[in-house]
Amino acid sequence: MRKKYAAGNWKMNTTFDEGKKLLSEVVNMVKDELTDANVKVVVGVPMPYLSTFGQLIDTDKVALAAQNCHPEASGAFTGETSVSMLKSVGVKYVIIGHSERREMFNEDDAFVAAKVDAILAEGLTPIFCCGETLAQREAGIHFDFVRSQFTNGLFHLSADELKKVVIAYEPIWAIGTGVTASSEQAQEMHKMLRDHLASKYGQDVADEISILYGGSVKPNNAKELFGMPDVDGGLVGGASLDSRGFTDIAKSF
Ligand code: PGA
């Protein structure tokens, strides 16, 4: 069975003390309440907190994620963080290709592809984000666009490498807007992406890949979204800043 995920992306939010409280609450609630062993809770916290916060996690049900990395192993890259640095402080997952980074920091497909390689080389798990703008959807090119993000970002991988990647489809028009893709829209895109993976890697490989939906996932819509056959969980921004709501999302499978 494919692994299911509730992955939180805190983005640039919380002070150290606020974050510590939030993570402690999530860890405790998940330990007490999450009974489905196939569900993994991932928490993407701000970079400066990673080292300390890793020590707050005392359960396999929760894993630490970074929100970014640099593809190079080391060197003169002022302000950047390598994957080996992240690994050395207990990070297990790295969110890459997020639309905010693609749009605001001009990260292109090739740069994201290089990050995928760097993350896999260190034995960590990339959470590879993709998704179209509203204009692309309205122009009817959303499938082609997201397919091209996949092809350019992932199709250089071997089947064994691809199996180690988690995917997050996040339509940009649904991120932070309160407008969620309908469960049918999410399912339609996820199915198309799984078919695209199957066209290169075969159906068996494609069936093993977890594809998360992101974009205004909330406690009150998670169950319906996660109930779709090709939606394997969520990448959750705003709602991951509330411990009760986020834990409820993780219990929505
Ligand atoms: P949102 O963010 O849940 O606040 O829409 C999702 C994301 O950007 O990962």
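Start at 1 and go down the list; that is how both ligands and their atoms are numbered.
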For Gly215, the ligand 1 atoms whose distance to one of its heavy atoms is below 4.0 Å: 5 (O)
Ligand-residue contact atoms, ligand 1 with Ser216, heavy atoms, under 4.0 Å: 1 (P), 3 (O), 5 (O)
I'd like to know if the side chain of Tyr169 pairs up with that of Glu132 as donor and acceptor (distance under 3.5 Å, no hydrogens or angles considered). yes
Quiz question: by atom type and distance under 3.5 Å, do the side chains of Glu170 and His98 form a donor-acceptor pair? yes
Gly238 heavy atoms, cut-off 4.0 Å: which ligand 1 atoms fall inside? 1 (P), 3 (O), 4 (O)
Proximal ligand 1 atoms for Asn9, defined as those under 4.0 Å from one of its heavy atoms: 9 (O)
Taking 4.0 Å as the limit for heavy-atom contacts, which would you say applies to Ala174 with ligand 1: side chain only, backbone only, both, or neither? backbone
Could you tell me which atoms of ligand 1, counted from 1 in the order shown, lie closer than 4.0 angstrom to a heavy atom of His98? 7 (C), 8 (O), 9 (O)
Contact atoms of ligand 1, heavy-atom distance to Lys11 under 4.0 Å: 2 (O), 7 (C), 8 (O)
Whether Phe111 and His70 hold their rings parallel, tilted or perpendicular, with breakpoints at 30° and 60°: perpendicular
Between Ile175 and ligand 1, which part of the residue brings a heavy atom under 4.0 Å of the ligand: side chain, backbone, both or neither? both
Heavy atoms of other groups near Lys21 NZ, more than 12 under 6.0 Å: no
For the residue pair Asp117 and His156, confirm or rule out a side-chain donor-acceptor distance under 3.5 Å. yes
Does the pair Lys3 and Glu208 meet the rule for a side-chain contact (heavy atoms from CB on, under 4.5 Å), with working shown? CA-CA 8 Å; Lys3 204 157 193 57; Glu208 282 188 42; over 6 Å; no
So Tyr5 and Tyr93, would you call those rings parallel, tilted or perpendicular, with 30° and 60° as cut-offs? perpendicular
Can you report which non-hydrogen protein atom sits closest to atom 3 (O) of ligand 1, along with the distance? Gly237 N, 2.8 Å
At a 4.0 Å threshold, what atoms of ligand 1 neighbour a non-hydrogen atom of Glu170? 6 (C), 7 (C), 8 (O), 9 (O)
Once you measure the plane-to-plane angle for Phe150 and His196, does it fall in the parallel (<30°), tilted (30-60°) or perpendicular (>60°) bin? tilted
Do any N/O atoms on Gly176 end up under 3.5 angstrom from N/O atoms on ligand 1? yes
